[in-house]
Structure formats: C-alpha cells, structure tokens
Amino acid sequence: MKKVYLISGGITKFAKAHPEKDFRLMVREAYDYALSHVPRLEPSMIDGSVVSYFSDHFTRQLMAGAMVQDFLGLCPKPSRRVEGGGATGGLCIQSAYEAVASGRMKVIVAAGFETMSRVNTWKGNEFIALASDTNYDYPLGGFYTGYYAMMVVRHMHEFGTTPEQMACVSVKNHMNALHNPFAQHPADLTIEDVRKSEMVSWPLTRLDCCTMSDGAAVCILADEDTAFKVCDNPVLIKGVGTGTDCMRMADRPHGDVILLPNEKEDDYKDFKYPGVHSFRAGRTAAKMAYEHAGISNPLDELDFIELHDAYTSSEIQTYEDLGLCRYGEGGSFVEKGKPFLKDIDYGLELPEKAVIPVNPSGGLLASGHPVGATGIMQAVFSLWQLQGTIGKHFGTDKLQIKDAKRGLIHSHAGTGTYVAVTILEKT
Amino acid sequence: MSKKIKIPETEEGTILFNTDPVIIKNHYEMDYIHSYAQDSPFFIGLTKGVLLGSECKECGYKYATPRMHCMYCGKETAWFELPETGKIHTWTTCYYGGEAFLKETPYNLILVEFDGVDTLFQSRLIGIKEDEIKIGMDVKAQFLRNSKFKITDVYFAPSS
Ligand SMILES: [Zn+2]
C-alpha cells in the first residue's frame with residue numbers, strides 16, 4: 001500500500017438553504033477553493049473522483065455524481081458515487097484513499113454534497129427515516145431522533161447519563177462554532193436553553209439534534225511524490241478503519257465488549273455489549289484505525305477529534321466507542337470539561353482540565369449536516385488544524401489547536417450501521 | 001400553403017415561490033408494489049393475533065424481530081411464536097416524526113425484550129403517559145382487529 005496524503009480542501013458555507021446554487025455549483029465552489037490553495041497542482045494531474053451524496057430523494061436527480069464530475073470538468077476520467085447514510089462523506093474519503101493507496105491513481109478528488117432544503121424539514125425526516133427497516137421500523141412512526149432517543153434512554157439506564165450532560169455537548173459545539181465562519185448554527189447557549197428548547201423525542205430537544213443543511217465539501221488526496229511536489233504541508237492519512245452493524249437496532253447483540261489496546265476484560269464484567277446503548281461499528285472502526293496508525297492510547301496520542309455528533313447523545317456514546325473514556329463514563333467525561341477547548345469561556349463550571357478538544361469546529365450540531373458533505377467537512381477542518389492554517393481559512397485563530405500533530409475524524413450512519421474512522425497526521 | 005403547427009395551450013399554471021432564483025413547486029407521488037417476500041408469514045401472523053419470531057436451529061439464537069437467516073451461522077431460521085408479554089428494554093415519546101406521522105404525535109416507541117429471546121422488537125406503546133413509562137415494565141401485545149398488514153397491526157400496552 002502506498003502512503004496517501006490530504007493536500008487541500010474546500011467547503012461552502014453550510015446553510016439551511018442555498019436556493020441560488022444547485023449541488024453542482026456548490027461542489028464547484030468547494031473544489032475551486034481547494035484548488036486555489038495548491039496552485040502547483042494542475043487540474044490535468046487529477047486522475048479521477050469519488051462523489052458522495054446520501055439521498056436520491058433529496059436530490060431527485062439520479063446520477064448526480066456524474067453531473068458533478070461533468071461540472072468539475074473531469075470527464076472522461078474515472079468517477080463513482082459512494083453512499084452510506086450519515087457516513088457517506090467519511091466513506092468517500094476512504095474510497096479516495098483506497099484509489100491512491102492501491103496505486104491506481106496519484107491524485108483524486110473526494111467531493112460530497114447534500115441539498116436538503118428541497119423539501120420541508122418533516123418530509124426530510126421522513127426521507128431519512130427510510131434509512132431504517134421499511135418493514136419493521138419506519139412504519140411505526142420511527143424516525144432518527146426517536147431511535148437515538150431510545151438508544152440514549154438505555155444509556156441513561158445503564159450508566160446514569162443525564163440530559164444535562166448531553167446539553168453540555170450542545171453548549172460546547174455551538175460555542176465553538178461562533179469562531180467558524182463556515183458553520184450554519186453558531187450560538188451562545190446555556191444548559192437551560194438546551195433543555196427548554198422544544199422536545200423532539202424525549203429526552204432529545206431541538207438543540208440536542210443537528211439540523212438539515214445545504215452544502216458541499218471537497219478534499220484532494222495524493223500519493224507521496226505528488227503531495228510533496230505540489231503542497232508545502234500535506235497531511236498523512238495514518239490510519240483507516242470501518243465498521244458495520246445490523247440495520248435494525250432491535251437486532252444488536254448483547255455480548256462481550258470489543259476491547260481497545262488500553263482496555264482489559266476486567267473493565268467490563270457483566271456488561272452486555274453493544275446492546276442499543278453503544279455503537280459496535282464505531283468501536284470496530286476505531287480499533288482498526290488505531291491498529292493501522294499504531295496508536296495504543298488514543299487520549300495521549302491524539303490532539304483533537306472531529307466526530308459525528310448528529311445528536312448530543314451520540315457524541316457521548318462515541319467518546320466511549322473511541323476509547324477516550326471507558327464505556328459508561330461518557331457523560332462525566334463531558335461534564336468534567338475534558339472535550340472542551342482550553343481558551344474558550346463556555347459559561348459552564350468545568351471542574352477538570354480540558355484533555356482533548358472534540359468537535360472544535362462545532363461539529364454537526366452547529367456546523368450543519370449536509371449528509372454527503374459532512375464527513376468531508378471533518379477532513380477539511382482537520383487538514384487545516386494539522387496544517388496550522390485555521391486562522392487563514394476562518395479569519396480567526398481562536399479554534400486553532402496549538403501544535404496539533406494528529407487528529408481523528410469519525411463519520412457515522414444509521415443507528416451506528418456504518419462507521420468510518422480516519423486518522424490524520426501532520427508531516 | 002403551409003399550416004403552422006402548435007402544441008395546444010393549457011390553463012394549468014406553476015406554483016412559483018420566487019423568481020430570483022426561480023423556485024417552483026415540483027409535485028412527486030408514488031405507489032409501490034411492496035412485497036414482504038420471505039417475511040410474509042410474520043405479517044399473516046399479526047392478522048391471527050400471533051407474534052412470530054425466528055430461531056436458528058443450528059446455534060439456537062432466537063430473534064424477536066424475524067430474520068430468515070441467522071446473523072451468526074448464516075443458516076436458515078425457523079418461525080416460532082413469541083410470548084404475548086415482554087418487558088420494556090428502552091423507550092421514547094415522539095413529539096415530532098416524519099411528515100406522514102406528525103398527525104399521530106405524541107406517541108411512544110419502545111423496544112421490547114422477551115424472556116429467553118436474544119434480540120428485541122420495536123413497537124408502539126399505548127395507554128400510558130411519558131412520565132409513567134419505565135424500563136423493565138411489563139407490556140402485553142395487542143392486535144388490530146381490522147388488520148392492515150403492517151407492523152402497526154401489533155402494539156403494546158402495560159400489562160399490570
Ligand atoms: Zn445460528
């Protein structure tokens with residue numbers, strides 16, 4: 001396998017609606033932004049693309065990926081669409097990685113988008129709910145906030161996690177996004193604001209959930225020769241991991257924990273795993289990516305994480321899957337202040353020191369979640385963190401993590417049905 | 001003499017939301033011919049007031065939500081009748097939902113666990129308020145008399 005590098009990225013501002021731009025133009029803008037930061041890369045050096053978007057229902061245009069390829073001027077080079085629910089963007093990055101790692105391509109574009117404003121919010125929820133079993137789950141009135149609510153209610157039962165701990169995640173991510181000009185929904189919130197916002201599905205309120213978005217994001221990946229030829233500070237893709245689980249959360253096993261290198265069997269006596277409270281796919285992807293990257297203690301060896309916080313609850317569950325704390329400790333992990341940024345005043349009493357910034361960009365909760373673009377957005381923000389160029393792209397250094405050497409991105413679908421974890425390293 | 005050929009004009013208009021950019025209403029509707037295929041016996045069971053799970057004769061794993069092949073050994077499973085009562089494994093009350101279900105809100109969703117069965121079953125819970133629902137509570141399956149051949153033909157209510 002050849003080494004693969006991220007050499008540039010671009011993103012449109014995520015917004016509730018971008019009616020003045022269709023998906024092709026949004027991707028084009030993100031692509032041009034990415035190209036403008038690697039002037040030594042000639043478009044003729046690009047060997048192909050992977051294009052990702054989640055829902056044909058939102059687009060109501062089949063083969064929209066082919067239209068993006070066309071609009072970017074990349075025909076007749078190779079291209080394909082990658083789709084995997086909420087993890088679509090993360091899987092797209094990994095598919096692009098595979099094309100370069102295998103030696104098939106030297107330079108590839110990973111481009112993702114979603115145009116969710118084309119239907120009203122509750123129709124959009126219905127479309128997304130079709131990504132659950134349409135015989136057994138969806139016709140019950142099943143929808144994603146409801147599924148995640150059931151998962152976290154069990155997490156609360158097992159571990160004593162509280163809605164206020166979940167609200168801490170919302171406060172953190174919305175506050176971080178105040179310094180991210182690409183974010184859709186930055187806000188200065190209190191725990192009370194989160195708990196008092198409209199109840200969607202108990203215990204998840206509107207401010208515990210991400211919103212629908214229009215947006216696009218693009219990453220350019222390259223092999224070692226090209227990366228160092230055209231880019232002064234490429235970022236190495238150090239590890240990739242991918243996991244899956246049963247589509248129906250009712251089918252999830254109640255067995256033994258998949259252990260990370262920093263855990264022992266004794267940590268989890270009489271513990272039924274994953275049940276519906278944890279994400280086996282997330283743990284599998286993390287373990288694989290850590291092994292690939294040679295990481296044995298994620299908390300010590302990672303400098304930041306951009307993870308898939310479609311819900312505040314799933315951010316807490318994901319701390320545990322990624323081994324930032326043990327299973328059951330996710331609620332206290334955030335309540336103590338561990339995943340916060342050091343230099344931001346969140347208006348919260350945080351008893352312990354920040355340990356590892358999680359979603360310094362604002363995550364999905366505050367940056368937005370145009371599904372096919374989301375995982376690529378995480379890669380773009382992480383690339384800039386590792387290049388030390390947040391100030392240049394955001395217009396402020398506030399979110400720049402000093403001396404960031406290694407970051408992890410985590411892209412998640414369904415009720416944890418596909419999860420893609422990718423580890424990025426400064427060169 | 002050549003006659004000018006024209007498409008006949010109609011009086012149907014287009015619903016327009018905006019002109020800069022032009023945003024129009026685009027209607028889309030669809031009826032699917034949906035087969036439950038190998039899961040059909042489960043839905044027939046509901047019409048008879050029976051909840052069917054599936055079990056693997058090879059490894060003994062029992063599925064509360066049927067699947068025709070075992071996720072562990074890949075063998076074809078066999079139907080078996082689930083108990084009428086189970087316990088709430090987890091729950092939520094939905095105040096919103098997909099557009100098709102908004103008119104039914106608020107409603108409760110639960111995952112039911114059955115004694116001796118390895119996986120869970122998702123359903124609606126009726127006859128109880130949000131603040132009274134508890135994990136571990138006993139619930140009993142009830143069935144619609146006028147079957148719709150949908151998963152909502154079965155629902156649960158507190159049994160004690
Ligand atoms: Zn079996």
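In what follows, every chain begins at residue 1, and chains take the letters A, B, ... in the order their sequences are listed.
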Where on B:L102 is there a heavy atom nearer than 4.5 Å to chain A: the side chain, the backbone, both, or neither? side chain

Could you tell me whether the side chain of B:T152 and the main chain of A:L140 form a donor-acceptor pair under 3.5 Å? no

Tell me, with the steps shown, if B:E99 and A:N125 meet side-chain hydrogen bond (donor to acceptor under 3.5 Å, both in side chains). CA-CA 7 Å; B:E99 189 176 70; A:N125 269 287; over 6 Å; no

Under 4.5 Å heavy-atom distance to chain A, tell me which part of B:Y107 shows up: side chain, backbone, both or neither. side chain

Heavy-atom cut-off 4.5 Å, strictly under: side chain, backbone, both or neither for B:L111 against chain A? both

Relative to chain B, which segment of A:Y147 carries a heavy atom at a distance below 4.5 Å: side chain, backbone, both, or neither? side chain

Heavy-atom distance under 4.5 Å to chain B: side chain of A:D133, backbone, both or neither? neither

Nearest heavy-atom approach of A:P253 to B:Y72 is CB-OH, 3.1 Å

Could you tell me if the ring centre of A:H254 sits under 6.0 Å from that of B:H89? yes

Please classify the contact of B:F101 with chain A as side chain, backbone, both or neither, using a heavy-atom distance under 4.5 Å. side chain

Among B:D118, B:D39, B:T105, B:V112, which residue forms the greatest number of heavy-atom pairs with chain A at distances under 4.5 Å? B:D39

So what's closer than 4.5 Å to chain A heavy atoms on B:A100: side chain, backbone, both or neither? both

Does B:R67 make a cation-pi contact with A:Y136 (under 6.0 Å, within 45 degrees of the axis)? no

Test item: B:Q122 side-chain N/O and A:D137 main-chain N/O as donor-acceptor pair under 3.5 Å: no

Bottom line for A:R154: the part with an atom under 4.5 Å from chain B's heavy atoms is both

Which bit of A:R60 comes within less than 4.5 Å of chain B, counting heavy atoms only: side chain, backbone, both or neither? side chain

